[in-house]
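Before any comments, here is the structure.
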Amino acid sequence: MVQIAPVAQGEGVTMLRREFLTALIALSGSPVLASTGAGKPSSGGLSLGEARAFDPAYVTETARLRAMRPYALRQAVPEEWLNISYDDYRSIWFNTQNALWADEPDTPLQLDVFAPGLYFPRPVAMHVVQDGAARPLKFDFDVFDKTDKFPDLPMDDSLGYSGLRLRAELEKKGIYTEFAVFQGASYFRAIGTGDIYGLSARGLAIDVAEPQGEEFPDFVAFWLEKPAPGDERFVLHALLDSPSCAGAYRFVIRPGQPLVMEVEATIFPREDMSHVGIAALTSMFQFDETNRDRFSDFRPAVHDSDGLLIRNGAGETIWRPLANPRRLQISAFADSDPKGFGLMQRARRFSDFADLEALYHRRPGLWVEPGEGWGAGSVVLVEIPTEQEIYDNIVTYWRPSEPWEKGSAHQLSYRLTWGQDSDYGNGLRVLNTQIGNAFETGIIVAINFEPGANLPEDLSQIERKIRASAGEVSSGVLQRNPETGGPRLAFKFEPGDAELIEFRAELRLNGAPLSETWLYRWTP
């Protein structure tokens with residue numbers, strides 16, 4: 001399993017380190033990001049084993065049968081591979097000239113693989129599907145390039161690939177640019193064309209932030225369908241396994257800006273599951289204009305995502321700015337049949353971050369749209385304290401109200417849209433939130449909204465609605481922001497002895513919502 005690190009004393013919570021994601025991004029700094037695939041492969045390229053008949057129903061049936069048996073942990077690679085350093089792992093990378101289908105210019109997709117070791121102790125079985133048959137990818141150490149710093153490690157039959165990367169001709173003919181990576185537990189990442197990697201998604205989350213610790217299911221096998229010439233959508237099947245359940249997944253991926261994934265899954269619990277996280281997203285938020293005073297940093301902000309966006313079953317659009325609290329906090333937004341939710345990155349200017357290396361302004365947002373009614377439950381937001389940007393500290397997911405019982409089966413589908421924030425909801429969007437001490441006493445909150453066609457010239461026509469669960473709150477002032485052209489709602493509050501205040505604010509016109517509903521949890 002990947003390395004994990006404790007982030008909240010006394011809370012019994014652990015969080016996946018961003019370091020292994022950083023490693024993948026660093027590796028992508030080589031010719032992997034965009035490759036012509038020209039030249040002769042150094043070892044003949046990825047090779048395939050014996051063909052066997054394949055039907056997508058096979059993955060579902062395999063998951064069902066696994067769930068009927070006790071969980072069995074897969075064999076790990078030799079211990080020496082797990083004891084290498086981060087720099088060692090970075091010193092080996094896939095040679096894209098060996099990519100699958102690199103010698104077939106009519107095939108619109110190329111497949112790369114990742115080496116095992118370090119954070120990735122157990123290989124993942126990989127197969128290629130063509131004409132109703134699946135052929136396994138054979139492990140070949142020679143498909144990788146390495147520096148002279150890579151250690152001499154033992155080679156045996158336990159070795160295998162730890163994940164896969166997909167590339168296609170997205171911006172220029174003959175240049176294959178990566179758009180998705182599946183590696184580490186059930187984590188996967190994707191980007192819209194022109195973006196860079198940021199937040200991650202997972203196949204399933206189990207027992208997030210529970211005192212007994214979180215369970216991380218694994219994708220243990222993949223089947224990639226070979227696309228036909230001219231195909232713009234690519235199909236990947238995955239088998240998930242964990243102590244609590246087994247599952248079958250099907251991803252239909254259409255790269256572009258934005259990139260869209262259609263996900264279908266069938267989950268079979270092998271144990272009773274009381275805390276399930278569907279369409280779980282994982283991101284990082286360290287600071288912005290809401291908590292800038294806590295960090296001495298030359299940059300104005302540091303985050304992969306800046307807000308949770310929800311469009312609930314009633315059609316209300318909610319914007320919840322993310323926080324980096326001093327103590328773990330969990331929020332649950334109760335709902336029934338949600339229309340969508342996601343973690344967004346609305347800060348899109350370079351000047352919002354002033355970071356020439358991390359390029360946070362190019363990180364994608366990720367929107368989840370259920371394909372059917374998900375019934376009663378809640379969108380859960382977990383915010384974990386962090387002092388460093390190397391840690392993922394934000395998790396959000398859909399948690400069904402009813403537990404999943406052992407022996408049952410759960411079918412679900414949803415769409416994932418990776419890219420720059422779009423009009424997923426209704427009303428004027430919140431551009432950013434600023435919070436800081438007032439001139440004498442109290443605290444000032446300023447919420448900047450975008451301009452819009454429904455925005456009247458005379459802002460006095462707009463009704464301001466501000467509510468707080470504690471403290472004293474002013475009625476607020478609404479002014480036009482000369483830089484954005486949109487309205488800015490500012491109010492002052494006196495927290496008194498309150499240890500937590502839940503805020504809710506919105507703009508209304510002629511009795512109807514004009515803006516998104518802004519929610520925020522303030523803590524000292």
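Every value quoted in this text rests on a predicted model; they were computed, and no experiment measured them. Here, residue 1 is the first one in the sequence, and each next residue gets the next number.
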Are more than 12 heavy atoms from other residues, nucleotides or ligands located less than 6.0 Å from atom CZ of Arg233? no
Checking side-chain polar atoms at under 3.5 Å, does Asp335 have a donor or acceptor matched by the opposite partner on Asn312? no
Side chains of Pro400 and Ile278: closer than 4.5 Å at any heavy-atom pair? yes
Within the distance-only criterion (no hydrogens, no angle test), does the side chain of Arg508 pair as donor or acceptor with the backbone N or O of Gly511 below 3.5 angstrom? yes
Intermediate values then yes/no, side chain to side chain contact (heavy atoms under 4.5 Å, CB included), Leu240 and Leu204: CA-CA 9 Å; Leu240 179 139; Leu204 198 67; 4.3 Å; yes
Thr317 side chain to Gly425 main-chain N or O, any donor-acceptor pair under 3.5 Å? no
State, without any angle test, whether Tyr119 and Gln183 hold a side-chain donor-acceptor pair at a distance under 3.5 Å. no
Passes salt bridge (charged side-chain N to carboxylate O under 4.0 Å, His left out), Arg292 versus Glu289? Steps please. CA-CA 5 Å; Arg292 180 70 181 80; Glu289 293 166 301; over 6 Å; no
Flag if over 12 foreign heavy atoms under 6.0 Å of CD, Gln411: no
dist Met261:CE -> Leu259:CG (nearest 0.5 Å) comes out at 5.5 Å
Are Leu199 and Thr282 side-chain neighbours, meaning at least one heavy-atom pair lies under 4.5 Å? no
So, taking the atom named CG in Leu308 and the one named OG1 in Thr396, what distance separates them when rounded to the nearest 0.5 Å? 4.5 Å
Check Tyr414 against Pro370 and note the closest heavy-atom contact, atom names and distance. CB-CA, 4.0 Å
Is it the case that the side chain of Arg348 and the backbone of His361 share a donor-acceptor pair, with hydrogens and angles ignored and the cut-off at 3.5 Å? yes
Carboxylate-amine/guanidinium proximity below 4.0 Å for Arg299 and Glu389: yes
Give, for atom CD1 of Ile394 and atom CG of Asp304, the distance between the pair rounded to the nearest 0.5 Å. 10.0 Å
Keeping the roles fixed (side chain from Asn324, backbone from Thr386), state whether a donor-acceptor pair exists under 3.5 Å. yes
Could you walk me through whether Leu236 and Leu164 pass side chain to side chain contact (heavy atoms under 4.5 Å, CB included), step by step? CA-CA 11 Å; Leu236 179 70; Leu164 62 87; 4.2 Å; yes
So with a 6.0 Å cut-off around CZ of Arg270, is the heavy-atom count from everything else above 12? yes
Check whether more than 12 heavy atoms from other residues, nucleotides or ligands sit under 6.0 Å from atom CD of Glu502, and answer yes or no. yes
Have Glu499 and Thr523 got a donor and an acceptor in their side chains that come within less than 3.5 Å? no
Is a donor from one side chain sitting under 3.5 angstrom from an acceptor on the other, for Glu516 and Trp518? no
Quick one: does His127's side chain have a donor or acceptor within less than 3.5 Å of a partner on Leu224's backbone? no
Between Val380 and Ser331, is any pair of side-chain heavy atoms under 4.5 Å apart? no
Decide yes or no on side chain to side chain contact (heavy atoms under 4.5 Å, CB included) for Leu416 and Glu262, but give the supporting numbers first. CA-CA 6 Å; Leu416 297 176; Glu262 303 287 349; over 6 Å; no
Which class fits the ring pair Tyr249 and Phe219: parallel under 30°, tilted 30 to 60°, perpendicular over 60°? perpendicular
With a 6.0 Å cut-off on ring centres, are Phe182 and Phe251 close enough? yes
Answer yes or no for Arg189 and Tyr197: cation-pi contact, defined as NZ/CZ to six-membered ring centre under 6.0 Å and angle to ring axis within 45°. yes
For the CD atom on Glu61, are there more than 12 heavy atoms of other groups (residues, nucleotides or ligands in this structure) within a distance under 6.0 Å? yes
Could you tell me which non-hydrogen atom of Trp374 sits nearest to which non-hydrogen atom of Val368, and how far apart they are? CH2-CG1, 4.2 Å
If only atom types and distance count, is the side chain of Asp241 paired as donor or acceptor with the main-chain N or O of Tyr71 below 3.5 Å? no
Do Arg429 and Glu450 sit within salt-bridge range, that is, some charged N less than 4.0 Å from a carboxylate O? yes
Ring-face cation of Arg320 near Tyr520 (centre distance under 6.0 Å, axis angle within 45°): yes
Taking the side chain as every heavy atom from C-beta outward, state whether Phe503 and Trp522 have any pair of such atoms under 4.5 Å apart. yes
Among Lys339, Arg415, Arg311, exactly one meets salt bridge (Lys or Arg N to Asp or Glu O under 4.0 Å) together with Glu369. Which residue is that? Arg415
Donor-acceptor contact present, side-chain Asp306 to main-chain Arg346, <3.5 Å: yes
Gap separating the CG atom of Asn481 from the CD1 atom of Ile447, nearest 0.5 angstrom: 13.0 Å
Of all heavy-atom pairs linking Ser475 and Ile466, the shortest is O-CD1, 3.5 Å
For Asn454, does the CG atom sit with more than 12 other heavy atoms under 6.0 Å from it, leaving out its own atoms? no
Would you say the rings of Phe179 and Trp418 are close, in the sense that their centroids are separated by under 6.0 Å? no
Does Asp272 use its side chain to pair, donor to acceptor, with the backbone of Lys406 at less than 3.5 Å? yes
Parallel, tilted or perpendicular: which one describes the rings of Tyr58 and Trp223, with boundaries at 30° and 60°? perpendicular
Please say whether more than 12 non-hydrogen atoms of neighbouring residues, nucleotides or ligands are located less than 6.0 Å from CD in Glu372. yes
Any side-chain heavy-atom pair from Asn448 and Leu489 closer than 4.5 angstrom? no
Determine whether the side chains of Gln345 and His303 contain a donor N or O and an acceptor N or O closer than 3.5 Å. yes
Rounded to the nearest 0.5 Å, what separates atom OG in Ser408 from atom CE in Met273? 9.0 Å
For Glu494, does the CD atom have more than 12 heavy-atom neighbours from other residues, nucleotides or ligands under 6.0 Å away? yes
So, the side chain of Arg122 versus the backbone of Asp218: is there a donor-acceptor pair under 3.5 Å, distance only? no
Does a side chain donor of either Ser305 or Arg363 reach within less than 3.5 Å of an acceptor in the other side chain? no
Does a side-chain heavy-atom distance below 4.5 Å link Gln286 with Arg294? no
Within the side chain of Ser242, is there an N or O that forms a donor-acceptor pair under 3.5 Å with the backbone of Ser244? yes
Begin with the C-alpha distance, continue with both residues' side-chain angles, and end with the deciding distance and a verdict on salt bridge (charged side-chain N to carboxylate O under 4.0 Å, His left out) for Glu383 and Arg326. CA-CA 10 Å; Glu383 296 166 303; Arg326 296 187 185 275; over 6 Å; no
Could you tell me whether the side chain of Pro513 reaches within less than 4.5 Å of the side chain of Glu506, counting heavy atoms only? yes
For a 4.5 angstrom cut-off between non-hydrogen side-chain atoms, does Thr60 reach Phe268? yes
Please round to the nearest 0.5 Å and tell me the distance separating atom OG of Ser186 and atom CG of Leu239. 12.0 Å
Mind listing the closest non-hydrogen atom pair of Pro258 and Gly419 along with its distance? CB-CA, 4.2 Å
Quick check on the 6.0 Å ring-centre criterion: do Tyr397 and Phe341 meet it? no
